[in-house]
Undergrad: 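The structure that follows is given in the form of structure tokens.
Not measured: the values here are computed from a predicted model. In this chain, residues are counted from 1 in sequence order. One-based numbering, in listed order, for ligands and for the atoms of each.
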Amino acid sequence: MNQRAKDLLKKGASELGLELTPAQLNALDLFAEELKKWNRKINLTAITDDEGIAVKHLVDSLSLLKAVHGPGRMLDIGSGGGFPGIPVKVVQPDLEIVSVDAVVKKISFQKQAVRLLNLVGFDALHVRAETLAAQYAGHFDWVVSRAFSDIPSFVAMALPVLKDGGRIVAMKGKSVAEEVTAAEAELEKLGARVECRHDFTLPGSGDARSLVILVKK
Ligand SMILES: C[S@@+](CC[C@H](N)C(=O)[O-])C[C@H]1O[C@@H](n2cnc3c(N)ncnc32)[C@H](O)[C@@H]1O
């Protein structure tokens, strides 16, 4: 990434309360370069400029750390090009992460990024999230997603693999209040409820963001 993008990443993370080490900054830069390289051949993201990747992918992914912390097990559903899971793993290595996507080429990219960054305890799996319960029932402390689906569909996939006392975190943009209200009846039927919501502005862009945190009832 160019120097301006690196500065935006460092400053944005700092505004989230995360002081990135030079090694973490290097790893995130390496990841961004690999993303751009693969994106010329396969469609991983519509955001292709360095500043956009720094803020809208990297800083945005790291904002999850307002709600999630290590040690523990985290599942990232519908992770695409590795967001939020890979940036989160770089900064919070004591989280064991399973990252799933239904599209094999996206998982091939994630596996390459894991090799390149030497990430230990990060499994990228080519599966549909609906099939995870057979292997991972009650396994995860956190089940997260970004830009994945409506809240009830996500929660229906997350609940079977969530540990008792675990948290589900949906990373959302604007209009979240309406979405949460519309989801209430469905969540009740599924046996989940919204525990809390963190609304904030994404550092470096000023865009509205929200982390919706849900628990089993
Ligand atoms: C809009 S992308 C978001 C990617 C990434 N989380 C991000 O924020 O950049 C949604 C992803 O969910 C994946 N997906 C959709 N349905 C899925 C399912 N049932 N199980 C696993 N992945 C799924 C798609 O292949 C796609 O990569």
Side-chain angles (χ1 to χ4, degrees), residues 1 9 12 16 28 31-32 34-39 41-68 74-92 95 97-114 119 122-137 139-140 142-162 168-176 179 190 200 202 204-205 207-212:
M1 293 188 292
L9 169 58
L16 294 171
L28 293 171
F31 176 52
E34 195 68 10
L35 178 77
K36 288 192 294 178
K37 194 164 115 191
W38 279 59
N39 207 44
K41 296 194 193 114
I42 65 169
N43 182 24
L44 292 167
T45 175
I47 299 168
T48 53
D49 63 302
D50 284 5
E51 291 84 353
I53 291 172
V55 172
K56 294 191 173 161
H57 280 322
L58 300 178
V59 177
D60 192 43
S61 292
L62 295 178
S63 73
L64 180 66
L65 292 170
K66 286 173 175 287
V68 171
M74 182 183 110
L75 171 68
D76 183 1
I77 294 185
S79 49
F83 303 107
I86 289 180
V88 161
K89 178 69 184 175
V90 167
V91 174
Q92 192 85 155
L95 277 170
I97 298 182
V98 175
S99 170
V100 303
D101 201 281
V103 174
V104 69
K105 62 190 180 172
K106 296 184 180 184
I107 291 300
S108 300
F109 166 70
Q110 289 190 36
K111 284 181 186 292
Q112 165 62 9
V114 164
L119 300 178
F122 188 104
D123 279 339
L125 303 180
H126 171 225
V127 289
R128 294 194 67 81
E130 295 86 333
T131 67
L132 286 168
Q135 198 183 343
Y136 290 104
H139 186 81
F140 294 101
W142 287 280
V143 182
V144 310
S145 72
R146 185 184 85 149
F148 175 58
S149 74
D150 61 90
I151 292 173
S153 306
F154 168 46
V155 168
M157 291 178 205
L159 280 173
V161 295
L162 190 69
I168 299 169
V169 186
M171 303 179 76
K172 294 284 177 181
K174 56 181 188 301
S175 312
V176 69
E179 190 182 347
L190 289 168
F200 58 100
L202 178 64
S205 87
D207 293 338
R209 289 288 186 272
S210 189
L211 299 176
V212 183

Undergrad: Name the residues with a heavy atom less than 4.0 Å from ligand 1?
TA: G78, S79, G80, F83, D101, A102, V103, K106, V127, R128, A129, E130, R146, A147, F148
Undergrad: Which word best sums up how the rings of Y136 and F140 line up, parallel for under 30°, tilted for 30 to 60°, or perpendicular for over 60°?
TA: tilted
Undergrad: If you compare all heavy atoms of P84 against all heavy atoms of R146, which two are closest, and at what distance to 0.1 Å?
TA: CD-CB, 4.0 Å
Undergrad: Return yes if some donor-acceptor pair links the side-chain N/O of K106 with the main-chain N/O of S79 below 3.5 Å, else return no.
TA: no
Undergrad: Taking D123 for the side chain and V98 for the main chain, is one N or O donor matched with an acceptor at less than 3.5 Å?
TA: no
Undergrad: Would a distance-only check, ignoring hydrogens and angles, find a side-chain to backbone donor-acceptor pair under 3.5 Å from D101 to G80?
TA: yes
Undergrad: Closer than 3.5 angstrom, by distance alone: can the side chain of D207 be matched with the main-chain N or O of L202 as a donor-acceptor pair?
TA: no
